[in-house]
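Scope of the values below: all heavy atoms of this structure, side chains included, with no hydrogens, waters or symmetry mates. Numbers for residues simply follow the sequence, beginning at 1.
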Amino acid sequence: MNDGLVIPLQSYLVQKLAAPNLVVSDLARISGGASRETYRFRVHYDRDGEKLERNLILRRDPASSLIETERSVEFRSYAAFYKLGLPVPEPVALELDGAVLERPFFIMEEITGCTVASVIAPDPYGAHREKIGEQFFTALGRIAAADPDLIGLGDFDGPPNRESCWSHEVARWEKVIDEDEREPQPIARAAIRWLKRNPSPSAQKISVVHGDYRTGNFLFDPDGNIRAILDWEMAHLGDPLEDLGWAIDPLWSHGDPSRPAGTVTRERAIAIWEETSGLRAEPAALHWWELFASLKGLAIWISAAREYAEGRNADPVNAFSGWYTLAFHNHVLAERLGAAT
């Protein structure tokens, strides 16, 4: 299948990079990624007498996707935050139709010499856990602090005002559950009822929300430097506490919820975020968004289970999501709802 991509990809990049002698090599599929097919490859070409080589990543829409997302959202997010100096890959090209590679796609720089943490590893960062945690929650604070209009993302999907951030997101994920559940989900339904009966306070501001900011979605090098924040396909506008609640969810804690993302303590994580964002993680509001985060997780895992069971996406990640992570968030939500009553 990869051979069928090389020739059209090479022809496209010859034109896009204005490099008539450009050659594509080493195109290979990267496993994982439920909402995009991901490939790494190299390009070789001459420019002004200099031989150049670049490592690039191709992200192509699959035939069936776990969560329907707009590829231009991910590409534009990379472009905006790359300009702000956030550690993200440099975006290279975006195509919104299927004329070149049968489906929409975009291309970005590959960050090499780095590792991505497995969400099931007990201690993926080792001696660098504190250093990585400082960077991780600082970057999240910088995302929250950015003005969506000033960075060109003010037209992203989002609520009409600060007061409706919570209801906009509950409606989004309730719809996913309505459409994708294959069996009754009583804990999810109980969580939806609780969230509606106990609305979150109004957002302090409307920010760009990454949508999937967590351990496992960034690359770090052997010295403990975060080199790239990835997977912006669910980016939207909303309450910045949504991202914080997701980042500190127990699922991403590597077995120790007292250390969100397997890094710094919870207290330090929140303090870093507050210092960098200029906002306050008011306890009642953060509690609401933490409970919401587990509901959002349930919705994603319910979709994963359906995609896998009905044969539309055979990626083993979907089977794992529909088994382990679905059960995990059901347990977390049951405990949180019990404590809230």
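- Of the possible polar contacts, none joining the Glu181 side chain to the Ile302 backbone as a donor-acceptor pair under 3.5 Å is found.
- Between Phe328 and Tyr324, the two ring planes are tilted [angle within 30° to 60°].
- In this structure, the ring pair (Phe, Tyr, Trp, His ring centres under 6.0 Å) partners of His287, at least two apart in sequence or on a different chain, are Trp194.
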Can you give each donor-acceptor pair under 3.5 Å made by side-chain atoms of residues 118-125, sequence neighbours left out, with the distance rounded to 0.1 Å?
residue, atom, partner, partner atom, Å
Ser118, OG, Ile120, N, 3.3
Asp123, OD1, Gly126, N, 3.4
Tyr125, OH, Thr215, OG1, 2.4

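- The backbone N or O of Leu230 lies less than 3.5 Å from a partner atom in the side chain of His210, making a donor-acceptor pair.
- Residues passing the side chain to side chain contact (heavy atoms under 4.5 Å, CB included) test with Asp157 are His168, Arg172, sequence neighbours excluded.
- Applying the salt bridge (Lys or Arg N to Asp or Glu O under 4.0 Å) rule to Asp249 yields the partners Arg336; only residues at least two apart in sequence or on another chain are considered.
- Ring orientation note: the planes of Phe106 and Tyr78 are tilted relative to one another, at an angle of 30° to 60°.
- A distance-only check finds no donor-acceptor pair linking the side chain of Arg129 to the backbone of Arg259 [under 3.5 Å].
- Nearest approach of Ile30 to Ile57, heavy atoms of both residues: CD1-CD1, 3.9 Å.
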Between Ile177 and Leu295, does the side-chain contact (heavy atoms from CB on, under 4.5 Å) criterion hold? Intermediate values first, please.
CA-CA 10 Å; Ile177 294 171; Leu295 173 72; 3.9 Å; yes
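- Applying the salt bridge (Lys or Arg N to Asp or Glu O under 4.0 Å) test to Asp48 and every residue at least two apart in sequence or in another chain returns nothing.
- For residues 217-227, every residue pair satisfying the side chain to side chain donor-acceptor pair (under 3.5 Å) rule, not counting sequence neighbours, is listed here: Lys131-Asn225, Asp212-Asn217, Asp221-Asn225.
- Relative orientation of the His329 and Trp301 rings is parallel, given thresholds of 30° and 60° on the angle between their planes.
- Residues Arg266 and Ser258 have side chains that never bring a donor and an acceptor to within less than 3.5 angstrom of each other.
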